[in-house]
Amino acid sequence: VNQSKTTAVVERVRTMIADGVLREGDPLPSTRAMAAELGIARGTVVAAYEQLDGEGWIRTRHGAAARVATRAPGTDIARREVPDSAPGPRPRAVSGTPRGGALIDLRPGIPAVTAIAARDWRSAWRAAADLPFRNALADPMGTRDLREQIAAQLGLTRGFAPHPDRVIITAGTSEAMSLITEALPGSPVLAVENPGYRSGRRAISSAGGTLAGVPVDEDGMDLARIPTGVDAIVVTPTHQYPLGSVMPIARRLELLDLAAARGTIVVEDDYDSEFRHRGDPLPALAALDNRGSVVHVGTFSKVLDPRLRCGWIVAPPGGSFADALRTAREARGPVVAEPVQAAVAHLLRTGALRRHLGRVRRDYAHKRSRIAARVAELGDLGLEARALSGGLHAVLTWPGPPSPAEVLRRLEDRGFLLADLARYAVTPDTALPGIVLGYGAASAVDLDRALDVLAEVLRAPAAPRSPE
Ligand SMILES: Cc1ncc(COP(=O)(O)O)c(C=O)c1O
C-alpha cells in the first residue's frame, strides 16, 4: 500500500465532505471503482477508507457501500454531556441554532475520541474481558502491566525511562493533583500557573492545598514571581494551558535549580506532549532532573478518552516525597478499575494507541491550519490565535469591544459554545480577555462555521441580540 497515495485519497474525501460536496449518508464509490478511476491499487483505496472510517468521516460495512458518516468526526461527542474539565455552563437549547437546536460544543477538553479504530478498541476490551479471575485485591499503585507499558512509552517519547515501580496509576491528572497535595506535609501552598487548568486547581483546593497564582509569559511560568515558601510548583512546560507557551530549556533548568535551592518539588503536568505540532519536542522536565525534584504527571484523557479516568504519576526515584506519595496512594486505595487498566495496557502494547495518535495528529494539524488560515484572513479585525503550536485548542483574542462575554453570548445564540479565557484565571482580577476554542472533537465544517460567525459578530459589534 502506497502511503502517500493513501493520504491523498483520504485528503480528497475529507475535503469533499468538509466542503459539503459529499453529504451525510451519501454512498462512496466502491473501492474497485475508485481505484480504477484514480488509476491506483485497490489496496490503497481500502487503506484510505479504513483510515477515514477510523477518523469517523465515513462508515464502512462488509458487503455494503461505504457511506459518509451521519456526522463529521467527533461532533457526536461534542454534543454529548459536557465533561467537568470544560469550564462554563452546560449547553442549553437556544432557538435559531443550527441542526435543530443542538449547541455545538467547541470548548476545550474533548479530544477526537471517536477516531480510534473500532477493531483496536474492541480488541482492547476483549483483552480486558479475558483477564483471569483471581481472588485478590487490586494493587493501589496500579497493575504491573500498565505501569510497565507507561514506563516503556515514556522512554520512547519523553526522554526518560523510569523504573515501573516509580509509576503510580491515578484517575487522571485531577486525581493526581489531589494525591500530590495530600502527600505534601502540613498545610501546603502550591504555586500554579495563572491562567491555568481549573480542574487541577479545584483538586488541589479540595485536598486542602492553598493556591498561589503565578503569572505566565511567552516562556511559561514567570519564575521571578513565585512567592517564597511554596511547597510545590505546578507547571505545564510542554504547552502552557491555556495560553500555549513552551518553556525553553534555559527556563526549565532555572526552574529545577530554583526548586533544588528551595527544597520544593516541581509537578510537571505533561497533559498534551503528544500533540506538539511545531518545533522539536523538548525533553520532559523529568528527563532533565537529576536531583529528584520532579513529579511527572500524565493522562490518557487527551490521547484517548477523558471518560477513562486514567492517568499516572512518576514519583521521584527516591526520597521522602516519593514515600509520601505511595502512602497517600495506599490510603486512598485503587481508583482505576483493573479492566480499564488492562484495556489501556493492551492499546499501548499492541501499538494501537500510536496508530491512533498518528491519525488524530494529522486530523488536528489539518484543523489547526484551517483555523490559522481563517484567523489570518480576519487580520483586519485584529483577531489573533494563540496556543496553536500544540494541544487541541486555540486562544482567540481581538482588540475589544465587543467584550469576550458579549461575543460568547452571541456565538451561543448562533449555536456555538466556546469558553471564556477569564475562567482560567486564578482570581477574577487577573482575568485576561479572550475566548478559547477547542478543536479536538470538532468537525472541520463546524470550525469553519464557528469562525464565520465569530467574524460576523466582530464586524458588527453594535448589532442587537438576535431574537429568541
Ligand atoms: C492542563 C491539563 N492537564 C490535564 C488535563 C486532563 O485532566 P484529567 O486527566 O483529569 O482528565 C487537562 C484537560 O483538559 C488539562 O487541560
Side-chain angles (χ1 to χ4, degrees), residues 77-78 81-88 105-113 142 146 150 167-181 190-207 211 213-214 216 220-221 233-247 266-276 284-285 295-314 332 335-336 340-341 344 364 386-387 389-395 418-421 423-426 436-442:
I77 291 290
E81 213 181 306
V82 178
D84 287 345
S85 58
D105 195 342
L106 299 177
R107 292 178 297 171
I110 316 165
V113 174
L146 180 57
I150 290 170
V167 179
I168 301 171
I169 301 303
T170 68
T173 309
S174 24
E175 203 247 348
M177 295 299 168
S178 310
L179 207 57
I180 289 165
T181 308
L190 291 90
V192 295
E193 295 165 335
N194 188 19
Y197 181 41
R198 252 171 39 123
S199 303
R201 289 204 300 271
R202 260 195 236 120
I204 291 170
S205 303
S206 63
L211 300 164
V214 180
V216 298
M221 185 182 270
I233 303 166
V234 185
V235 284
T236 50
T238 308
H239 188 238
Q240 200 277 326
Y241 191 78
L243 296 181
S245 46
V246 179
M247 191 181 284
V266 176
V267 180
E268 172 176 40
D269 175 355
D270 205 34
Y271 71 107
D272 75 351
S273 62
E274 299 285 352
F275 297 121
R276 288 224 36 78
L285 276 177
V295 181
H296 184 87
V297 176
T299 179
F300 292 105
S301 287
K302 297 276 181 174
V303 291
L304 263 175
D305 189 338
R307 298 167 309 158
L308 288 171
R309 304 315 309 141
C310 190
W312 65 90
I313 294 176
V314 181
R332 281 188 165 220
V335 282
V336 184
V340 171
Q341 297 187 53
V344 173
Y364 296 154
R386 294 177 70 172
S389 66
L392 316 174
H393 71 273
V395 172
L418 278 76
D420 195 334
L421 182 57
R423 295 183 147 270
Y424 297 79
V426 176
V436 190
L437 165 73
Y439 56 85

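First listed ligand is number 1; within each ligand, the first listed atom is number 1.
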Original post:
Which atoms from ligand 1 have a heavy atom of Asp269 less than 4.0 Å away?
Top reply: 1 (C), 2 (C), 3 (N), 4 (C)
Original post:
Just which atoms of ligand 1 are under 4.0 Å from any heavy atom in Ser174?
Top reply: 10 (O)
Subject >> Element-labelled atoms of ligand 1 that are located less than 4.0 Å from some non-hydrogen atom of Lys302 >> reply: 12 (C), 13 (C), 14 (O)
Original post:
In a check of side-chain contact (heavy atoms from CB on, under 4.5 Å) between Pro111 and each of Leu392, Leu304, Val303, Asp305, which one passes?
Top reply: Leu392
Original post:
Near Gly172, which atoms of ligand 1 are under 4.0 Å from a heavy atom of that residue?
Top reply: 9 (O), 10 (O)
**OP:** Could you list which atoms of ligand 1 come closer than 4.0 Å to a heavy atom of Tyr241?
**Re:** 1 (C), 16 (O)
Subject >> Chi angles and distances behind the side chain to side chain contact (heavy atoms under 4.5 Å, CB included) call for Ser205, Leu211 >> reply: CA-CA 7 Å; Ser205 303; Leu211 300 164; 3.4 Å; yes
**OP:** Answer yes or no: does an N/O atom from Tyr271 fall short of 3.5 Å to an N/O atom of ligand 1?
**Re:** no
Original post:
Between Tyr271 and Tyr241, what is the ring plane arrangement, given parallel below 30°, perpendicular above 60°, and tilted in between?
Top reply: perpendicular
Original post:
How far apart are the C-alpha atoms of Leu243 and Arg386, what are their side-chain angles, what is the distance that settles it, and do they pass the side chain to side chain contact (heavy atoms under 4.5 Å, CB included) test?
Top reply: CA-CA 7 Å; Leu243 296 181; Arg386 294 177 70 172; 4.2 Å; yes
Subject >> Thr299: numbered ligand 1 atoms lying under 4.0 Å from its heavy atoms >> reply: 8 (P), 9 (O)
Subject >> Test item: side-chain donor near acceptor, Asp269 and Thr236, under 3.5 Å >> reply: no
**OP:** Evaluate the criterion side chain to side chain contact (heavy atoms under 4.5 Å, CB included) for residue pair Ser301 and Arg307; output intermediate values, then yes/no.
**Re:** CA-CA 7 Å; Ser301 287; Arg307 298 167 309 158; over 6 Å; no
